[in-house]
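Count residues from 1 along the sequence. These figures come from a predicted structure and were not determined experimentally.
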Amino acid sequence: MSEDATDEAPGGERDKLNAMDVALAAHPGSVLRRRLEDLHRVWDVWAAFSAELYALLEVCETHEPTASELTRNVGDRTVQQNTIRALDKAVIAYAAGLGALIDQTRIVVQQQPAAWQDQYEQKRAQTVGALPASPFLAKLRNYVLHYVAAPWAFHFSYSDGVMDGIVSLTTENLLRTEWPRPARAFIDANAPQLRLRPLLQPLAEQEGILTQWVDEHARSEHAAEFDAMEELIAERNLFLTGGATDGRDWEEQIRGLERELRKMRSASNADEAD
């Protein structure tokens, strides 16, 4: 139902509607719904960043002209510089987005009962936590947001006529900043150059599973609060429509209007034919 009706309602009705809006906005079900919507928005954006970074790295590693330009050390290096700039922008967006996803997930989880949080930690250990690269990727934003320019390294060669292109991060440069012990261990294990592309899709898959789990279990845990919120919404809709509908039959009303419109058009076409 329209959220602009407050401006059109007369004095007493406007006050009542304002009171309804305040109660609805402050209701625990509404608060949790907003948090879950924020979580999904961040997930959608970060998943897109992850796919874009993967696609760019794939081009750099599999498209021969691009791979050749990235390893150029003489002549015009414009293509190389533009590609590195695109990589820097993509990895910054990826790392910042992952940090935001972790933060938004934490906001939801910290508002849940202790037993629920224990279940979350178990699920996280089974999904994201099972990936050795996850501590490194989770803290990559600290490096790229500080240095902006990532420590890229490019390798391009042929073996039996097959091109081999690899885009990596130099671990020596990565270690210019402090890392938590698990992240540093992963960096050390991949020295001297850490290839990024194979790490992206597994984490995106597991973060997607974990985000969906958080959403479903939070809604289940707070089902009564969501039901109470829906009742407040229904009361507001009844007030806005003068008792005509609480919004739950909205789809049926739309279908009814469409049927009436089709009848009117058919009648009009029949009149014109006569």
Do [X] and [Y] get their side chains close enough for a donor-acceptor pair, meaning under 3.5 Å?
X: Trp179; Y: Asn142; result: no
X: Glu216; Y: Gln212; result: yes
X: Gln193; Y: His155; result: no

Could you tell me which non-hydrogen atom of [X] sits nearest to which non-hydrogen atom of [Y], and how far apart they are?
X: Gln80; Y: Glu69; answer: NE2-O, 3.1 Å
X: Thr62; Y: Arg197; answer: CG2-NH2, 4.1 Å
X: Thr171; Y: Asn190; answer: CG2-O, 4.0 Å
X: Cys60; Y: Thr66; answer: CA-CG2, 4.0 Å
X: Ser50; Y: Ala204; answer: OG-CB, 3.9 Å
X: Ala218; Y: Val108; answer: CB-CG1, 4.5 Å

Does [X] share a hydrophobic cluster with [Y], counting links as ILVMFWY side-chain heavy atoms below 4.5 Å and allowing steps through other members?
X: Val79; Y: Leu87; answer: no
X: Phe136; Y: Val144; answer: yes
X: Ile166; Y: Leu53; answer: no
X: Leu199; Y: Leu131; answer: yes
X: Val45; Y: Leu36; answer: no

Is any side-chain heavy atom of [X] closer than 4.5 Å to a side-chain heavy atom of [Y]?
X: Leu101; Y: Leu39; answer: yes
X: Leu98; Y: Leu140; answer: no
X: Glu207; Y: Val128; answer: yes
X: Leu70; Y: Phe156; answer: no
X: His222; Y: Gln112; answer: yes
X: Leu200; Y: Tyr94; answer: yes
X: Pro192; Y: Thr170; answer: no

Quiz prompt | Residues in salt bridge (Lys or Arg N to Asp or Glu O under 4.0 Å) contact with Arg141, at least two apart in sequence or another chain | solution =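 Partners of Arg141 by the salt bridge (Lys or Arg N to Asp or Glu O under 4.0 Å) criterion, ordered by chain and then number, come out as Asp103.
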Between [atom1] on residue [X] and [atom2] on residue [Y], distance to nearest 0.5 Å:
X: Leu57; Y: Arg195; atom1: CG; atom2: CZ; value: 9.0 Å
X: Arg35; Y: Glu37; atom1: CZ; atom2: CD; value: 12.5 Å
X: His63; Y: Glu58; atom1: NE2; atom2: CD; value: 12.0 Å

Quiz item: Hey, mind stepping through Lys123 and Ile209 against side-chain contact (heavy atoms from CB on, under 4.5 Å) and telling me if it holds?
Solution: CA-CA 9 Å; Lys123 186 65 177 180; Ile209 292 170; 4.1 Å; yes
Quiz item: Hey, does the side chain of Asp88 reach the backbone of Ala150 with a donor-acceptor pair shorter than 3.5 angstrom?
Solution: yes
Quiz prompt | Donor-acceptor contact present, side-chain Asn173 to main-chain Leu169, <3.5 Å | solution = no
Quiz item: Ile84 and Phe154: side-chain contact (heavy atoms from CB on, under 4.5 Å), yes or no, with the steps?
Solution: CA-CA 10 Å; Ile84 291 174; Phe154 307 104; 3.8 Å; yes
Quiz item: Is NZ or CZ of Arg176 both nearer than 6.0 Å to the six-membered ring centre of Tyr143 and within 45° of the ring axis?
Solution: no
Quiz item: Between Arg124 and Glu121, does at least one N-O distance fall below 4.0 Å, as a salt bridge requires?
Solution: no
Practice problem: In plain terms, say whether Arg184 and Glu178 are close enough for a salt bridge, that is, a side-chain N and a carboxylate O under 4.0 Å apart. | Solution: no
Self-check item: Exceeds 12 heavy-atom contacts within 6.0 angstrom, atom CZ of Arg72
Solution: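 Count over threshold, so yes.
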Exercise. Would you indicate whether Glu172, at its atom CD, is surrounded by more than 12 heavy atoms from other residues, nucleotides or ligands within a distance under 6.0 Å?
Key: no
Quiz item: Does the ring-ring contact (aromatic ring centres under 6.0 Å, His included) test come out yes or no for Trp116 and Trp213, once each step is laid out?
Solution: CA-CA 12 Å; Trp116 194 101; Trp213 185 94; 5.4 Å; yes
Practice problem: Show the numbers, then the answer: is there a side-chain contact (heavy atoms from CB on, under 4.5 Å) between Glu52 and Leu56? | Solution: CA-CA 6 Å; Glu52 290 164 5; Leu56 180 56; over 6 Å; no
Practice problem: Mind running side chain to side chain donor-acceptor pair (under 3.5 Å) on Gln126 and Gln122 for me, showing each step along the way? | Solution: CA-CA 6 Å; Gln126 296 165 3; Gln122 293 173 12; 5.4 Å; no
Quiz prompt | Verdict with supporting geometry, Ser168 and Leu196, side-chain contact (heavy atoms from CB on, under 4.5 Å) | solution = CA-CA 6 Å; Ser168 304; Leu196 192 56; over 6 Å; no
